[in-house]
Amino acid sequence: MLTINNLIRSINRMSKNIDKFNIATLCKNNEKYLGLLCQTDHNFYMVQNHVWNNLTEIQPSNIQSIDQCFEPIDYLICHDRAEQYDEARQIAKYLQVPIILIDMCSNTFIRPQHIFESIGVQDMSMLNRNPAIRVCMSEYIQNSWNLNSVSFNIPIGIDCEKLKNTNSDDRLIAIDNNTEERVGKEIAKRLKEYKLVPTDHHNLEDITVNKCGYFINTNKCITVKLLEAMAAGCIVICLRNPETDNYIEHTKTGMLVDNLDQLSDTIKWLESNSQARYEIITNAR
């Protein structure tokens, strides 16, 4: 029945010029990205057992639980080839729809990893997924997998209008509120004279990165929250690795460190070089 419904919908789309897709998605720590996608005005549906986190982003009106959907689904978006794809494949088979895989990590990091993690796969061919389409955040990510599947390079867009550094406080350092506890403790131990504040909290109008001097990326890959910090004029500090080194130009658009012990000296250098700070903030935005 699902297959027939989807075939009928495809025919109707061609004959009636239907311009809105019905898109299913897996929502696990992807609220920032999904919030941006929802601005395209299509209809989005979260699969069952996936709950929207309103601390991260206000849930848009055009995304709801899939159990409330009576319209056939056009396709399914999966955000993680390592830990979500098998679930996505089961759902896509049930719904009889193709999968679009979003690649935000290169094959260096098979999924977003925090700075103390080191997860690898003995047989990388296990991750050679076969979606209908791959959408990659950068050309570097697109090329790293070296697969033959259809792929597009579409960088993430950021709403720069709401991200403006109003009155930055150099004593405030923003970190992702999903940061592992032990990572946060290690950062706090090295930066005792600074206050660490979470990016997400109950008042979404009070954007953390708009009032902080620095953002420490506690992930090894580039994230939406890091991009928002750059747009807000918050100097980002990342652990140096192939992925961050490909995106961040050291001392030009952000700062790269080899280990956490370099955090304190990096911030001291920034505070003693006002011209360098200004150039980094301007270039990053």
Side-chain angles (χ1 to χ4, degrees), residues 26-33 50-57 79-84 87 104-122 127 137 141 169-204 206-209 211-230 232 234-248 250 254-271:
L26 286 76
C27 182
K28 290 182 178 178
N29 297 323
N30 298 310
E31 288 85 359
K32 287 282 188 182
Y33 188 82
H50 288 230
V51 179
W52 187 277
N53 180 6
N54 280 302
L55 287 181
T56 301
E57 190 77 15
H79 301 266
D80 183 345
R81 72 168 57 234
E83 295 184 338
Q84 287 187 5
E87 180 185 2
M104 295 182 68
C105 291
S106 67
N107 64 359
T108 303
F109 306 115
I110 61 174
R111 67 160 176 78
Q113 298 181 33
H114 66 69
I115 54 181
F116 289 152
E117 280 187 297
S118 181
I119 299 174
V121 177
Q122 288 186 338
L127 295 179
M137 179 182 158
I141 291 173
D169 186 337
D170 292 345
R171 299 289 100 180
L172 292 179
I173 298 177
I175 61 171
D176 191 330
N177 64 309
N178 291 317
T179 296
E180 286 280 333
E181 183 178 2
R182 65 189 178 107
V183 176
K185 285 182 177 179
E186 286 297 324
I187 293 173
K189 184 170 69 176
R190 289 162 172 79
L191 301 173
K192 294 179 180 178
E193 65 271 38
Y194 300 91
K195 181 179 180 181
L196 304 183
V197 292
T199 51
D200 305 327
H201 50 82
H202 289 284
N203 184 4
L204 293 180
D206 182 22
I207 301 174
T208 298
V209 290
K211 59 185 180 182
C212 294
Y214 309 98
F215 172 88
I216 294 177
N217 186 34
T218 55
N219 286 284
K220 290 183 176 179
C221 60
I222 303 298
T223 67
V224 176
K225 291 179 181 179
L226 178 142
L227 300 179
E228 288 187 337
M230 293 175 73
C234 197
I235 297 180
V236 300
I237 303 174
C238 303
L239 192 69
R240 187 190 299 272
N241 60 61
E243 206 146 304
T244 57
D245 197 32
N246 179 73
Y247 197 90
I248 301 295
H250 183 55
M255 301 297 291
L256 300 173
V257 297
D258 296 315
N259 53 64
L260 293 185
D261 290 333
Q262 295 179 353
L263 284 177
S264 182
D265 287 342
T266 296
I267 294 178
K268 288 178 180 177
W269 181 84
L270 288 165
E271 291 179 349

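Because only heavy atoms are used, hydrogens play no part in the values below, and waters and symmetry mates are left out as well, while side chains stay in.
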I want to check something: taking the side chain as every heavy atom from C-beta on, are [X] and [Y] in contact at a cut-off of under 4.5 Å?
{"X": "Leu55", "Y": "His202", "result": "yes"}
{"X": "Tyr214", "Y": "Leu270", "result": "yes"}
{"X": "Met230", "Y": "Tyr247", "result": "yes"}
{"X": "Met104", "Y": "Asn30", "result": "no"}
{"X": "Cys238", "Y": "Leu226", "result": "yes"}

Check step by step if side-chain contact (heavy atoms from CB on, under 4.5 Å) holds for Ile267 and Ile237. CA-CA 9 Å; Ile267 294 178; Ile237 303 174; 3.8 Å; yes

Run Val209 and Lys225 through side-chain contact (heavy atoms from CB on, under 4.5 Å) and show every step you take. CA-CA 9 Å; Val209 290; Lys225 291 179 181 179; over 6 Å; no

Locate the shortest heavy-atom distance separating Val236 from Ala229; write the atom from each residue and the value. CG1-CB, 3.8 Å

Sequence neighbours excluded, the answer for side-chain contact (heavy atoms from CB on, under 4.5 Å) partners of Arg240 is Asp245, His250, Leu256, Asp258

Just how far is it from atom [atom1] of [X] to atom [atom2] of [Y], taken to the nearest 0.5 Å?
{"X": "Lys32", "Y": "Asn53", "atom1": "NZ", "atom2": "CG", "result": "10.5 Å"}
{"X": "Leu26", "Y": "Glu83", "atom1": "CG", "atom2": "CD", "result": "12.0 Å"}
{"X": "Ile187", "Y": "Leu196", "atom1": "CD1", "atom2": "CG", "result": "6.5 Å"}
{"X": "Ile207", "Y": "Thr199", "atom1": "CD1", "atom2": "OG1", "result": "11.0 Å"}

Main-chain N/O of [Y] paired to [X] side chain as donor or acceptor, under 3.5 Å:
{"X": "Thr218", "Y": "His114", "result": "no"}
{"X": "Glu31", "Y": "Glu57", "result": "no"}
{"X": "His201", "Y": "Asp206", "result": "yes"}
{"X": "Asn217", "Y": "Cys221", "result": "yes"}
{"X": "Glu243", "Y": "Lys220", "result": "no"}

Any carboxylate oxygen within less than 4.0 angstrom of a Lys/Arg side-chain nitrogen, looking at Glu186 and Arg190? yes

I'd like to know if Glu271 and Lys268 make a salt bridge, using a cut-off of under 4.0 Å between side-chain N and carboxylate O. no

Step-by-step side-chain contact (heavy atoms from CB on, under 4.5 Å) determination, Phe116 to Glu180: CA-CA 9 Å; Phe116 289 152; Glu180 286 280 333; over 6 Å; no

So, applying side chain to side chain contact (heavy atoms under 4.5 Å, CB included) with Val183, which one of Ile115, Leu260, Ile216 is it? Ile115

